[in-house]
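First the proteins, then the strands, lettered A, B, ... as listed; each starts at 1. Atom set for the values below is all heavy atoms of this structure, side chains included, hydrogens, waters and symmetry mates excluded.
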There are 2 protein chains.
Amino acid sequence: MPPERNRRRIPDATVSRLPVYLRILGEQADEGVDSISSERLAELAGVNAAKVRKDLSYLGSYGTRGVGYEVGYLVYQIRRELGLTHDWPVVIVGAGNLGQALAGYGGFGERGFPVAGVVDVDPAKVGTVLGGVRVRHIDELPQIVQTKRVNIGVVATPPHAAQDAAERLVAAGVTSILNFAPVVLAVPRAIEVRKVDLAVELQILSYHEQRKASLHAVPGAGAGAVSRPASA
Amino acid sequence: MPPERNRRRIPDATVSRLPVYLRILGEQADEGVDSISSERLAELAGVNAAKVRKDLSYLGSYGTRGVGYEVGYLVYQIRRELGLTHDWPVVIVGAGNLGQALAGYGGFGERGFPVAGVVDVDPAKVGTVLGGVRVRHIDELPQIVQTKRVNIGVVATPPHAAQDAAERLVAAGVTSILNFAPVVLAVPRAIEVRKVDLAVELQILSYHEQRKASLHAVPGAGAGAVSRPASA
DNA sequence: CGGGCTTTGTGAACGTGTGCACGAATGCCT
DNA sequence: AGGCATTCGTGCACACGTTCACAAAGCCCG
Ligand SMILES: NC(=O)c1ccc[n+]([C@@H]2O[C@H](COP(=O)([O-])OP(=O)(O)OC[C@H]3O[C@@H](n4cnc5c(N)ncnc54)[C@H](O)[C@@H]3O)[C@@H](O)[C@H]2O)c1
Ligand SMILES: NC(=O)c1ccc[n+]([C@@H]2O[C@H](COP(=O)([O-])OP(=O)(O)OC[C@H]3O[C@@H](n4cnc5c(N)ncnc54)[C@H](O)[C@@H]3O)[C@@H](O)[C@H]2O)c1
């Protein structure tokens with residue numbers, strides 16, 4: 001019997017890939033595949049095979065040499081490690097454009113993240129129904145979080161309200177936040193925050209586009225262009 | 001004239017932080033701040049001050065020792081490096097739940113990414129108007145990309161259609177893709193792809209929640225059944 | 001039953017990213 | 001003018017992540 005239980009801490013980079021493997025393995029299982037090699041999984045996930053093996057090795061030695069991994073068992077182990085053995089209800093703060101799209105999207109419930117509630121400050125929004133859930137006033141947040149045992153909150157408010165939304169979530173007892181507002185949230189150290197910022201993604205793409213463009217550009221054209229800070 | 005013009009390659013990690021600095025600097029400028037230290041910028045961005053300085057040093061030596069950075073000038077330099085000196089029109093494929101939210105969101109146009117078009121296969125969607133843009137049939141994609149000089153495409157179709165959408169985008173001449181479908185896209189090497197997968201984000205949060213829960217759990221409980229994480 | 005083929009699991013090398021610590025440059029004050 | 005306080009820019013060490021390469025472990029077949 002190994003002395004180490006779950007002392008193993010899984011590297012962040014690996015944690016962020018496990019969901020991808022999980023989805024692929026689920027698809028393979030649906031197609032009747034019950035054994036898969038690291039090579040094949042790597043191909044489907046768009047990564048290096050050695051990386052797949054190393055990632056999976058953090059879960060334990062669940063492969064069979066010369067054969068590969070048993071799909072069903074691997075799915076089980078990854079789900080277990082990611083804490084997906086039970087549902088994690090989420091609460092969405094902000095029933096605007098984005099909040100509505102999220103609430104109306106069935107994909108989360110399917111994957112174990114049912115929408116336990118949607119809240120908003122706008123009285124015009126309160127009472128409307130999104131994806132089968134009635135929008136409630138934000139003052140009811142603590143009650144929703146407590147009764148539905150919510151650990152994960154989603155911030156989908158305008159930027160200026162995001163910090164407030166986060167603080168309310170934390171006060172209500174939420175310990176993980178997914179933030180869609182383009183703002184850096186200040187929260188207690190114990191709270192896990194992940195940010196999804198579409199503008200940032202587009203700007204990163206812009207960087208690469210600009211880079212490609214400047215390779216084709218005239219190599220001589222240079223520093224003459226700008227010297228003074230013009231106002232933006 | 002310096003022999004190396006833009007030889008400097010900026011590390012990926014830095015590129016992904018520059019947009020954050022840029023937004024903060026813009027806000028500071030709006031508040032009338034015209035000089036900022038790495039310390040302060042770091043605080044606002046939620047990162048280490050040395051990291052800020054190192055990041056900015058890739059752009060050149062634009063700070064003044066003992067003083068800090070001139071906000072307006074820094075904004076200009078970052079915009080320049082990210083290729084934000086002109087607009088990058090984007091085309092959205094898929095006018096569903098998410099595509100509508102994206103098209104209706106004014107934030108992109110403001111930040112230099114105007115929606116040049118939205119396309120869909122569904123005849124029922126074609127002709128409707130989203131955020132001031134009429135939805136067009138996907139067959140018109142090449143024409144839109146060419147006439148509007150679109151380099152960046154957004155995939156907002158269901159998963160099973162995402163690869164097709166990506167291929168059409170590439171065929172039409174797009175060279176960067178922002179993918180919202182939970183699928184690994186296969187594209188030519190030269191095409192830049194960034195993925196936004198909300199389910200992955202939630203699963204990462206789930207991992208951390210599960211981890212917190214298992215710390216409070218009985219330390220002796222071994223490899224038996226899955227211990228049930230009670231409420232927090 | 002042994003040899004050969006396949007594929008895992010992992011040590012080691014390499015590359016990338018982070019953060020400290022400190023010299024260097026600059027502005028301000030006396 | 002000189003000294004002092006501040007803040008940048010960066011060398012360096014360390015941590016983290018990726019990839020290669022290969023022995024070990026298993027299966028299959030003759
Ligand atoms: N819509 C998009 O496609 C999109 C894309 C990228 C980023 N975002 C970001 O997502 C966030 C939401 O975008 P949106 O388009 O849904 O905005 P929105 O204005 O449509 O909706 C925001 C909602 O939040 C509510 N709200 C305001 N203050 C609140 C508070 N203190 N507590 C609770 N609710 C509050 C408003 O009443 C409104 O219903 C914004 O930060 C935006 O920058 C949106
Ligand atoms: N809605 C959300 O909040 C949300 C959240 C996370 C992820 N996603 C992902 O974003 C994607 C879109 O989600 P959605 O909720 O908007 O789905 P949706 O079903 O509402 O919309 C998809 C749209 O794509 C169109 N379409 C289908 N095949 C197409 C093709 N080959 N070419 C062009 N258009 C095509 C459909 O006609 C439809 O209008 C999905 O992959 C989903 O998993 C959505």
Starting from [atom2] on [N], measure out to [atom1] on [X] and report it in whole angstrom.
{"X": "B:Asp55", "N": "D:dC8", "atom1": "CG", "atom2": "C1'", "result": "14 Å"}
{"X": "B:Ile10", "N": "C:dG17", "atom1": "CD1", "atom2": "P", "result": "12 Å"}
{"X": "A:Tyr62", "N": "C:dT10", "atom1": "OH", "atom2": "P", "result": "12 Å"}
{"X": "B:Glu70", "N": "D:dC8", "atom1": "CD", "atom2": "P", "result": "14 Å"}
{"X": "A:Leu56", "N": "D:dT18", "atom1": "CG", "atom2": "P", "result": "14 Å"}
{"X": "A:Asp12", "N": "C:dG17", "atom1": "CG", "atom2": "P", "result": "15 Å"}

Side-chain N,O (B:Tyr69) to OP1/OP2 (C:dT26) below 4.0 Å: no

Tell me if the side-chain of A:Lys54 makes a donor-acceptor pair with the base of D:dT18, cut-off 3.5 Å, by modelled atom types. no

Can you name the atoms? Protein N/O to nucleotides 23-26 of chain D N/O, anything below 3.5 Å, with the distance.
residue : atom : partner : partner atom : Å
D:dA24  : N3   : A:Arg65 : NH1          : 2.8
D:dA25  : O4'  : A:Arg65 : NH1          : 3.4

Looking at B:Arg79 and B:Leu84, would you say the former's side chain and the latter's main chain have a donor-acceptor pair under 3.5 Å? yes

Point-to-point distance, once rounded to the nearest 0.5 Å, from CG of B:Leu82 to CG of A:Leu205: 11.5 Å

For [X] and [Y], test the side chains for any donor-to-acceptor distance below 3.5 angstrom and give the result as yes or no.
{"X": "A:Arg53", "Y": "A:Ser38", "answer": "yes"}
{"X": "B:Gln163", "Y": "B:Glu167", "answer": "yes"}
{"X": "B:Glu209", "Y": "A:Thr175", "answer": "yes"}
{"X": "A:Asn151", "Y": "A:Ser176", "answer": "no"}
{"X": "B:Tyr207", "Y": "B:Arg211", "answer": "yes"}

Which residues, if any, of residues 23-53 of chain B bring a heavy atom under 4.0 Å of DNA chain C? B:Asn48, B:Ala50, B:Lys51, B:Arg53

How is B:Tyr58 classified with respect to the nucleic acid when contacts are heavy atoms under 4.0 Å: base, sugar-phosphate, or nothing? nothing

Would you say the side chain of A:Ile152 lies within less than 4.5 Å of the side chain of A:Val174, judging by non-hydrogen atoms? no

Ring centre gap for A:Tyr73 and A:Tyr62 strictly below 6.0 Å: yes

